[in-house]
Amino acid sequence: MAIQVKLPDGSVKSYDKPVKVMEVAMGISPRLADAAICAELNGKLVDMDHTIQTDSDLILHTFKTDTGKEVYWHSTAHLMAQAVKQLYPDVKVTIGPAIESGFYYDFDRDKPFTDEELVLIENRMKELSAQDQPYTRTELSKAEAVDIFKTQGEDYKLEILEVIPDTDTISTYRQGDFLDLCRGPHIASTGKIKAIKLLKTSGAYWRGDEKNKMLQRIYGISFPSNKELNEYLAFLEEAKNRDHRKLAKELDLFSMNDEVGAGLVLWHPNGAMIRHLIEAYWKEEHLRKGYKLVYTPHMGRSKLWETSGHLGFYSENMYSPMQIDEQDYYIKPMNCPFHIHIYNANHHSYRELPIKLAELGTVYRYERSGVLHGLMRVRGFTQDDAHIICTPEQMDEEVEKLIVFSLDMLKYFGFEKFQIYLSTRPEGSVGEAENWDAATESLRHSLEKLDLEYQVDEGGGAFYGPKIDIKIKDALGRAWQCTTIQFDFNLPERFNMEYIGADNTAHRPYMIHRAVLGSVERFFATLLEYHAGNLPLWLCPTQVMVIPITDSQLDYARKVSDKLQLLGLRTEIDTRGEKIGYKIRDAEMKKIPFMCVIGKNEEAEEKVTLRQHKKGDLGAMSFDEAVKAIRNQA
RNA sequence: GCCGAUGUAGCUCAACGGUAGAGCAAUUGAUUUGUAAUCAAUAGGUUGGGGGUUCGAUUCCCUUCAUCGGCUCCA
């Protein structure tokens with residue numbers, strides 16, 4: 001198969017497999033890829049990382065054009081800054097980039113922008129857009145730039161200029177009365193920005209450092225037409241409906257409570273059933289893959305955490321100790337030290353390795369109050385933790401198995417799109433450089449052998465080892481980190497872990513710390529959002545709602561329900577004296593996958609009428625046919 | 001932790017410096033119903049907690065807790 005890509009100059013390039021827009025651009029000119037801001041594929045605007053699947057016409061716009069999401073939004077950010085400067089001349093501008101969806105600009109101002117002010121700014125932006133002012137680029141020397149921004153009193157721009165070499169050429173962009181220090185590129189003129197919505201405000205630290213001054217950030221989004229804007233706003237609405245916190249209320253899954261404490265989860269029966277099913281599956285799969293299940297305590301003596309080093313480098317995330325018999329005990333923030341002690345309780349021969357210890361280990365970590373977020377970020381959570389202790393020779397095989405295992409498990413839950421990150425050695429790491437290199441290579445190798453796309457986060461590893469993270473993309477494109485596979489060169493050293501090699505001497509094993517789901521809580525939330533609450537059949541707390549039409553069918557309904565239960569299906573009977581429409585509406589809203597309607601006809605003919613969630617009536621059928629239809633969904 | 005917003009019945013939301021109201025849910029009664037809401041009645045609240053201003057606070061102020069949107073940080 002060959003994919004023909006028609007380029008703007010009329011030439012045709014062919015590729016033997018799907019290719020990203022970026023790669024095509026690189027093929028033409030590396031510079032172009034750098035500056036290119038947007039691509040039109042068969043007349044439709046696409047991102048640079050869009051993959052071309054079929055024969056296509058590709059037009060690449062350089063910075064002189066006026067399309068491209070990033071440039072478009074960045075230009076809108078300039079427009080917003082212009083409006084803000086006109087309305088509030090004392091405000092100082094800082095930076096205003098495009099983000100994944102829209103843009104923001106940070107302003108230095110004493111007080112935050114109110115919702116009313118946002119409306120004013122938005123309206124002013126629309127006026128400025130109507131004036132259709134061109135964005136004009138000017139190149140100048142650093143000294144000239146410093147001069148300009150000094151007279152304007154834009155201290156932050158001067159600070160940005162400070163780090164630029166004196167000999168560099170600087171560029172500025174002007175539209176109307178507003179001039180900004182900016183690398184560009186920009187769209188041709190403000191008139192292209194037709195639909196604008198300022199979404200929210202927030203405090204944000206200058207340069208993202210919490211030691212710096214807090215600035216006032218305004219987030220917004222813009223489109224060439226109101227239609228696109230409305231589509232985007234509808235998309236945000238949809239995201240709200242998928243929010244696991246909202247779904248949890250509707251489906252009665254879990255709650256949190258003031259009196260219990262922030263970030264502590266109460267699992268209701270429905271949520272607990274789902275969790276149980278996830279955990280049961282998890283345990284089964286791990287036993288099948290040669291893991292050994294262990295249980296460990298929820299706290300340990302301070303000595304343990306001194307040895308592990310957590311009291312040194314992790315104490316700000318740990319809860320204050322409690323005193324027992326004049327000893328300090330800490331609630332565990334991690335399971336690793338316990339698993340290591342289980343390993344260390346016996347001598348191990350190289351013949352026994354790899355040893356894989358797994359536990360659904362509940363840990364407690366102090367999270368700053370502002371970061372808690374539903375089940376995604378809590379203070380007490382259960383990691384699906386495991387530690388793989390192996391010899392250097394086994395490392396490659398184990399890593400590869402792990403990645404396959406992780407992806408298989410995630411796919412089993414219905415996830416399809418993943419983002420994989422490889423994080424390498426950071427500054428101030430512990431452990432031998434050669435071990436780091438070997439481990440990093442092993443991770444990289446496995447990813448490549450499995451032909452997985454991944455991004456490298458240089459220096460993004462933990463101080464104790466390199467890692468692979470897998471983030472799940474939900475249906476709305478948001479990414480959540482679940483799987484993490486981390487080498488650890490710190491703890492084996494600290495706890496003096498050993499195995500006896502073939503040479504009859506002690507060796508230090510490799511240790512891999514990993515979680516596939518990440519935490520049961522976060523995974524649960526991601527799963528809910530991904531499926532918008534419509535979980536796969538095997539995870540539904542109630543799989544079939546049996547609905548008798550009148551009380552006289554109650555007995556037959558019970559018989560049907562019992563028979564289904566005997567086959568392992570989870571059923572409920574709606575015995576309320578309500579009309580059938582009411583009961584069906586109720587079951588539909590609870591997202592119960594199947595409804596079994598029982599009336600006098602069904603009873604007389606020994607049949608059942610099946611209805612499927614969202615799909616509607618499937619008609620009358622025999623009991624066996626109904627079971628088959630239900631099973632087919634699984 | 002920081003910036004901002006919010007907190008009223010189980011849920012979703014009104015109202016107001018002068019003794020809090022609706023819909024849904026709940027309970028009771030009637031209805032026995034054929035694929036997304038049957039009718040009626042009843043009950044339900046120290047307006048998140050504490051303090052202050054006021055003749056009077058749910059409303060204004062302070063404080064605290066929690067939640068939401070971000071920042072920073074992370075599974």
Side-chain angles (χ1 to χ4, degrees), chain A residues 104 106 109 111-115 199-219 240 243 245-246 249-250 252 255-263 314 316-317 333-334 361 363 365-385 462 469-471 480-484 486 513-526 547-554 576-590 595-602 609-620:
Chain A
Y104 68 77
D106 285 346
R109 188 200 198 204
K111 54 180 188 204
F113 294 98
T114 63
D115 288 351
L199 295 164
K200 61 201 172 195
T201 58
S202 155
Y205 302 106
W206 168 235
R207 299 206 146 143
D209 188 335
E210 63 183 328
K211 290 184 202 82
N212 287 341
K213 183 164 184 186
M214 187 160 264
L215 308 168
Q216 301 304 328
R217 175 172 299 179
I218 302 176
Y219 286 94
K240 261 191 214 160
D243 191 308
R245 293 164 300 187
K246 187 165 185 259
K249 243 177 213 166
E250 289 164 6
D252 195 18
S255 64
M256 315 248 205
N257 179 290
D258 251 29
E259 198 172 308
V260 174
Y314 204 72
E316 71 275 15
N317 285 298
M334 290 185 186
V363 298
R365 297 182 186 172
Y366 172 72
E367 298 288 350
R368 299 159 101 192
S369 57
V371 307
L372 299 173
H373 178 92
L375 284 187
M376 295 291 188
R377 211 46 200 282
V378 290
R379 284 182 172 158
F381 59 99
T382 301
Q383 291 183 303
D384 70 311
D385 214 350
D469 291 326
I470 302 177
K471 294 185 185 184
W480 301 100
Q481 185 184 328
C482 289
T483 305
T484 181
Q486 310 185 346
H513 168 108
R514 50 113 278 189
V516 173
L517 312 179
S519 82
V520 178
E521 286 76 6
R522 178 176 290 179
F523 185 75
F524 180 90
T526 316
I547 302 178
I549 292 179
T550 73
D551 286 352
S552 34
Q553 286 92 43
L554 265 180
R576 294 175 297 181
E578 296 287 351
K579 288 169 82 167
I580 181 181
Y582 181 91
K583 294 184 191 179
I584 282 177
R585 179 181 147 84
D586 208 52
E588 285 285 350
M589 290 201 302
K590 285 183 179 151
M595 283 147 264
C596 205
V597 178
I598 307 287
K600 57 177 186 293
N601 301 338
E602 284 79 2
T609 294
L610 208 57
R611 181 192 164 95
Q612 192 174 356
H613 175 53
K614 282 173 128 179
K615 296 218 171 97
D617 197 351
L618 301 182

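Values reported hereafter were calculated over all heavy atoms of this structure, with side chains retained and with hydrogens, waters and symmetry mates removed. Residue numbering restarts at 1 for every chain, and letters A, B, ... go by the order of the sequence lines. What you are looking at is a predicted structure, and each value in this text was computed from that prediction instead of being measured.
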With [atom1] as the reference atom in both, quote the distance from [N] to [M] in angstrom, rounded to an integer.
N	M	atom1	value
B:U58	B:G18	C1'	12 Å
B:C61	B:U38	P	45 Å
B:U31	B:A40	C1'	11 Å
B:A14	B:G50	C1'	27 Å
B:U67	B:G48	C1'	10 Å
B:C65	B:A25	C1'	28 Å
B:C16	B:A26	C1'	28 Å

Quick check: on RNA chain B, is the nucleotide nearest A:Arg576 upstream (toward 5') of the one nearest A:Glu367, or the reverse? Name the residue that is more 5'.
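Its nearest nucleotide lies further toward 5', so the answer is A:Arg576.
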Closest-nucleotide ordering on RNA chain B, the 5'-leading residue of A:Ile584 and A:Ser519
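Closest to the 5' end, via its nearest nucleotide, is A:Ile584.
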Answer yes or no: does a side-chain N or O of A:Tyr582 lie under 4.0 Å from OP1 or OP2 of B:A25?
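Answer is yes, contact under 4.0 Å.
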Assign [X] to base, sugar-phosphate, or nothing according to its heavy-atom contacts below 4.0 angstrom with the strands shown.
X	result
A:Ala262	sugar-phosphate
A:Gly577	base
A:Tyr205	base
A:Tyr219	sugar-phosphate
A:Glu259	nothing

Using a strict threshold of under 4.0 Å (side-chain N to carboxylate O), is an ion pair present between A:Asp209 and A:Arg207?
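Answer for the salt bridge query: no.
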Look at the side chain of A:Asp384 and the backbone N and O of A:Leu517, then say whether any donor-acceptor pair between them is shorter than 3.5 Å.
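Looks like yes, one N/O pair under 3.5 Å.
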Check: A:Arg379 main-chain N/O paired with A:Arg365 side-chain donor or acceptor under 3.5 Å:
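A pair under 3.5 Å: no.
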To the nearest Å, give me how far apart [atom1] ([X]) and [atom2] ([N]) are.
X	N	atom1	atom2	value
A:Met214	B:G70	CE	P	14 Å
A:Glu578	B:G29	CD	C1'	13 Å
A:Lys579	B:A36	NZ	P	12 Å

Which nucleotide, B:C71, B:U35, B:G1, lies nearest any side-chain atom of A:Ala204?
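So the side chain of A:Ala204 is nearest to B:C71.
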Among B:U33, B:C73, B:A75, which nucleotide sits nearest the side chain of A:Gln486?
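Between B:U33, B:C73, B:A75, the one nearest the side chain of A:Gln486 would be B:A75.
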What's the spacing between A:Ile547 CD1 and A:Glu578 CD if we round to 0.5 Å?
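Reported value, rounded in 0.5 Å steps: 12.0 Å.
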